[in-house]
> 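Got a structure for you, questions after.
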Amino acid sequence: MQAYLVKTFIGIFALDENRKVVSFRPFPKDGSDVASRLDEKEPKEYKEIKIELKQKGFKTFVDDDEKSKELVNQNLRKYAIEYKFSKDVLEFNQFLSKVNQEVSKRKIKSQVSRDSLVINTNNAIDELDKSINIFVERMREFYGLHFPEMDRLVSDHEKYAEIIKKYGTREKISDSELKKFAEDSMGIEFTGEDVGIASILADNVIELYNLRKKLSDYLGNLLKEVAPNFSALGGDLIAAKLISRAGGMDRLSKMPSSTIQLLGSEKALFRFLRSKGRSKSPKYGLIYNHPLIQNSPADKQGKIARLLASKLSIAARIDYYSGEYRGDEMKKELHEKVKEILKEK
Amino acid sequence: MPVEKTKSAKIFKIRGRVVTVNLIPGTKVYGEELIKEKAVEYRVWDSWRSKPSAAIKNGLKNFPLQENMIVLYLGIANGTTASHFSDVVGKNGLIYGVEISGRPFRELLPLAEKRGNIVPILANARKPEDYEHTIIDKVDLVYQDVATDDQITVLIRNCEKFLKSGGYAVLAIKSQSIDVVKPPKQVYKECLQELEKYFEILDKVELDPYEKFHLFVVMKWKK
Ligand SMILES: C[S@@+](CC[C@H](N)C(=O)[O-])C[C@H]1O[C@@H](n2cnc3c(N)ncnc32)[C@H](O)[C@@H]1O
């Protein structure tokens, strides 16, 4: 026999194959205890109910059955009273509120100074990029002995790696564009063993890119929590770098926009100071990589950089002090203002 | 001072000001004024700080919030408005409040603790699947004040998951967050057209001068 187990905030329900409730183990009536149990995969009551069910002849247990969850939730108010967990609606509602206060407190606590995770992850990505470069170079150099023409034909590193994995030697490449070049390639012949090594190098590159993708997704989620407005305006990558450079949201939120504009240009700034005015003073730091600046003509870039920096500094303050999300709106405003600047003579 | 009734049984007016009956007599939430009339304590619902109050001031006839309702509130922030909702639904009603941002949310927690009829949920309203197991009820009313550019999609997705058939949805449309360049009237028109596919529009009113470029809409779910 199979049983469905459903965890709710009042306890664990067990349903039989026809999705009829066969047992219920209440949680203690304490918000904080329940919050911990909601976090745990198998709280105490979960283990207890399983033992009880095994004695009743149930053999397999299913946890994540959406239909059972829905059924139990729909009837939870009724069950709470039937099983004497709450004496009335009022008590039930108050307990529901209490539990979620506890759940939220825990979430918030774990949010405190999560900006250090942003900094760490950003650094990890930087380091990873260096490794990727090294491995890509190894891979391209190695396979380039066999098929030198491909180096320029395929500029995307991941794609390059995938081609090695898929075809092995250049003779097997069926991609029509590459095939032409493979047929009269200048490269040396590869043995099976040579191909084996090339494909290990390619595997490495693919793995590293996967890892990079995971880290950058994670970074994106972190930024939504820690700096939703700031990252909406700056984009994840630039936002993370700026936060790292500043040393956290706390410091970032206190910086004047002129400082934000120059964050990341420290080297150029020192060069300028040392040269006693003989080299150019830097106009912008990391934000220079922002598409709104990159895609604008050089004579407008300075003005756009100032605008962007001032909007970023407002966003950082909102994130740090109120946290209210207004990113979409601010982004639209920014784009409108940039349009105006671009129209100016 | 005479206490006037409004269409909502638990919302009143005293000398033109919108008020609700204080659920926790003797306590203020955001510095609002308290008025005692015939042994009942009312809290003034500040129209400059809360959109439903502004809408009622501006002549909204039908604000469907009633005693004992279960409400889903998207973008509850620190609970300024929700505290009045909490007064209206009363002890046996319930407000599920979703907020994405930790900072206003932190201030909501003590309010939830005091009132007992607010369920605080720290989550993104764009991802209702993240809190579908927290909300165990089908709700009577969805109130949304999130000011994102996809606020209509967000509302509809939440209604599909949580709103009772024939339930109410109340929305504050902020024209600036949907489109900064188009004239607000144009934005409202387009939004209403979209909303009409899902809802019957019961009432609407602009919030000027309390909130610029906002349209307050009361609707009934067609499903
Ligand atoms: C205009 S304020 C709401 C004020 C509140 N309704 C009141 O009157 O007391 C908008 C709120 O929505 C929140 N918000 C924005 N996007 C959100 C989302 N995707 N999910 C949940 N809350 C969101 C913001 O953080 C902000 O607190």
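Everything numeric in this text was worked out from a predicted model, so none of it was measured. Order of the sequence lines sets the chain letters (A, B, ...), proteins ahead of strands, with each chain counted from 1.
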> Please find the pair of heavy atoms, one from Pro120(B) and one from Ser104(A), that lie closest to each other, and give the distance.
O-OG, 3.3 Å
> Side chain, backbone, both or neither: which part of Lys138(B) has a non-hydrogen atom closer than 4.5 Å to chain A?
neither
> Considering only heavy atoms, which portion of Ile178(B) lies under 4.5 Å from any heavy atom of chain A: side chain, backbone, both, or neither?
backbone
> Take Ile136(B) and Phe92(A), measure what side-chain contact (heavy atoms from CB on, under 4.5 Å) needs, and give me the verdict at the end.
CA-CA 12 Å; Ile136(B) 55 157; Phe92(A) 180 87; 3.3 Å; yes
> Between the side chains of Lys69(A) and Glu132(B), is the shortest nitrogen-to-carboxylate-oxygen separation below 4.0 Å, so that they form an ion pair?
no
> Quick one: OG on Ser97(A) to CZ on Arg115(B), what's the gap to the nearest 0.5 Å?
11.5 Å
> Give a yes or no on whether Lys114(B) atom NZ has more than 12 heavy-atom contacts from other residues, nucleotides or ligands under 6.0 Å away.
no
> Determine, step by step, whether Tyr96(B) and Asn100(A) satisfy the side-chain contact (heavy atoms from CB on, under 4.5 Å) criterion, reporting the C-alpha distance in whole Å, the side-chain angles of both residues, the deciding distance to 0.1 Å, and the verdict.
CA-CA 10 Å; Tyr96(B) 290 101; Asn100(A) 281 288; 5.9 Å; no
> Looking at Lys254(A), I'd like to know if its NZ atom is crowded, meaning that more than 12 non-hydrogen atoms belonging to other residues, nucleotides or ligands lie closer than 6.0 Å.
yes
> Given heavy-atom pairs under 4.5 angstrom as the criterion, report whether the side chain, backbone, both or neither of Lys332(A) touches chain B.
both
> Under a 4.5 Å heavy-atom cutoff, which of His133(B), Gln176(B), Lys174(B) has the most pairs with chain A?
His133(B)
> When rounded to the nearest 0.5 angstrom, what distance separates CG in Asp328(A) from OG1 in Thr148(B)?
6.0 Å
> For chain B, find which of Leu38(A), Leu96(A), Asp88(A) contributes the most heavy-atom pairs closer than 4.5 angstrom.
Leu96(A)
> Taking atom NZ of Lys222(B) as the centre, does the number of heavy atoms from other residues, nucleotides or ligands within less than 6.0 Å exceed 12?
yes
> Considering only heavy atoms, which portion of Asp319(A) lies under 4.5 Å from any heavy atom of chain B: side chain, backbone, both, or neither?
backbone
> Report the distance from atom CD1 of Ile100(B) to atom CD of Glu324(A), rounding to the nearest 0.5 Å.
11.5 Å
> So, the side chain of Gln101(A) versus the backbone of Ala112(B): is there a donor-acceptor pair under 3.5 Å, distance only?
yes
> So for Glu66(A), is it side chain, backbone, both, or neither that comes closer than 4.5 Å to the heavy atoms of chain B?
side chain
> Return yes when atom CZ of Arg251(A) has more than 12 non-hydrogen atoms of other residues, nucleotides or ligands closer than 6.0 Å, and no otherwise.
no
> Given a strict heavy-atom distance threshold of 4.5 Å, which part of Leu76(A) is in contact with chain B: side chain, backbone, both, or neither?
side chain
> Is it the backbone or the side chain of Ala77(B) that comes under 4.5 Å from a heavy atom of chain A, or both, or neither?
neither
> Between Asp137(B) and Arg77(A), is the closest basic N to carboxylate O distance under 4.0 Å?
yes
> Once you round to the nearest 0.5 Å, how far does NZ of Lys105(A) lie from CZ of Phe105(B)?
10.5 Å
> Below 4.5 Å, heavy atoms only, C-beta onward: do Val89(A) and Asn92(B) meet side chain to side chain?
yes
> What is the distance from atom OG of Ser175(B) to atom CD of Glu329(A), rounded to the nearest 0.5 Å?
9.0 Å
> Step through the shown structure and confirm whether more than 12 heavy atoms of other residues, nucleotides or ligands are within 6.0 Å of CD on Glu41(B).
yes
> Please state whether the side chain, the backbone, both or neither of Asp179(B) comes within less than 4.5 Å of a heavy atom of chain A.
backbone
> First locate atom CD of Glu333(A), then atom OG of Ser177(B), and finally report the distance between them rounded to the nearest 0.5 Å.
10.0 Å
